[in-house]
Amino acid sequence: MYAIGQGVTQDHVQAVHWFRLAALQGHPSAQYALGSMYEGGEGLQRDIVKAYMWLHISSVNPNQSSAIAAHSAEQVRDIIANSMTADEVADALLRSRACLDSSYRECD
């Protein structure tokens, strides 16, 4: 609601806060939204590595409700990868693995 100003004043900082809480609970759509906000620098400092990380986590999340949503996360992740170095992609994948292996306790 904060991301688009639905029923409240639009506030990207608040949107990031709530997306992060949901993402850390394993919600794939929140992980996708958080990755998109990192990519665009909305409500926080732009961080392409964290954007890739969250989009990757969303794309492989077993709770993803549809193949279409997972495919969307993959597409955005792959577009972002085109502007990243190989080391940045490797770092994002390592962070993704640490986040997933820790059941979302080590995600930043």
Side-chain angles (χ1 to χ4, degrees):
M1 295 175 76
Y2 283 109
I4 61 173
Q6 182 180 357
V8 295
T9 301
Q10 187 177 35
D11 184 338
H12 291 293
V13 173
Q14 281 296 316
V16 167
H17 170 78
W18 292 107
F19 283 141
R20 183 183 317 279
L21 289 176
L24 293 172
Q25 292 295 314
H27 295 280
S29 58
Q31 294 163 343
Y32 178 89
L34 186 57
S36 295
M37 295 192 85
Y38 269 114
E39 195 276 327
E42 297 175 291
L44 41 63
Q45 185 168 344
R46 186 173 190 261
D47 187 327
I48 202 76
V49 172
K50 287 183 181 177
Y52 186 101
M53 178 191 86
W54 282 112
L55 290 164
H56 178 71
I57 289 168
S58 175
S59 73
V60 300
N61 191 321
N63 297 321
Q64 191 63 268
S65 61
S66 75
I68 294 170
H71 182 69
S72 294
E74 288 174 9
Q75 284 182 315
V76 175
R77 178 201 64 199
D78 292 346
I79 289 168
I80 290 170
N82 289 329
S83 64
M84 297 172 70
T85 67
D87 286 343
E88 288 173 326
V89 171
D91 184 27
L93 290 172
L94 284 173
R95 290 179 185 205
S96 298
R97 178 57 38 213
C99 180
L100 292 167
D101 287 350
S102 69
S103 297
Y104 303 110
R105 288 186 309 274
E106 297 176 26
C107 296
D108 278 323

How close do [X] and [Y] get, heavy atom to heavy atom, and via which atoms?
X   : Y   : result
A23 : L34 : CB-CD2, 4.1 Å
S58 : A73 : OG-CB, 3.8 Å
Y2  : T9  : CD2-O, 3.7 Å
R77 : S59 : NH1-OG, 3.3 Å
A51 : G35 : CB-O, 3.3 Å

Gap separating the [atom1] atom of [X] from the [atom2] atom of [Y], nearest 0.5 angstrom:
X    : Y    : atom1 : atom2 : value
H71  : D78  : NE2   : CG    : 9.0 Å
Q31  : Q25  : CD    : CD    : 10.5 Å
C107 : R20  : SG    : CZ    : 9.5 Å
D11  : H17  : CG    : NE2   : 11.0 Å
D91  : S96  : CG    : OG    : 9.5 Å
C99  : R105 : SG    : CZ    : 10.0 Å

Indicate, with yes or no, if [Y] and [X] share a hydrophobic cluster defined by side-chain heavy-atom contacts under 4.5 Å among Ile, Leu, Val, Met, Phe, Trp and Tyr.
X   : Y   : answer
V8  : W18 : yes
L94 : M53 : no
V60 : L24 : yes
L44 : M1  : no

- Identified side chain to side chain contact (heavy atoms under 4.5 Å, CB included) partner of Y38 from the options L55, D47, I48: D47

- Query: Taking the side chain from N61 and the backbone from H27, do they hold a donor-acceptor pair closer than 3.5 Å?
  - Reply: no

Note, [X] side chain near [Y] side chain (heavy atom, < 4.5 Å):
X   : Y   : answer
I79 : E39 : no
S36 : W54 : no
V49 : M84 : yes

- Note on the structure: L93 meets the side-chain contact (heavy atoms from CB on, under 4.5 Å) criterion, sequence neighbours left out, with Y52, H56, V89

- Message: Going by disulfide bond (SG atoms under 2.5 Å apart), name the pairs with one or both residues in residues 9-39, residues two or more places apart or in two chains.
- Response: none

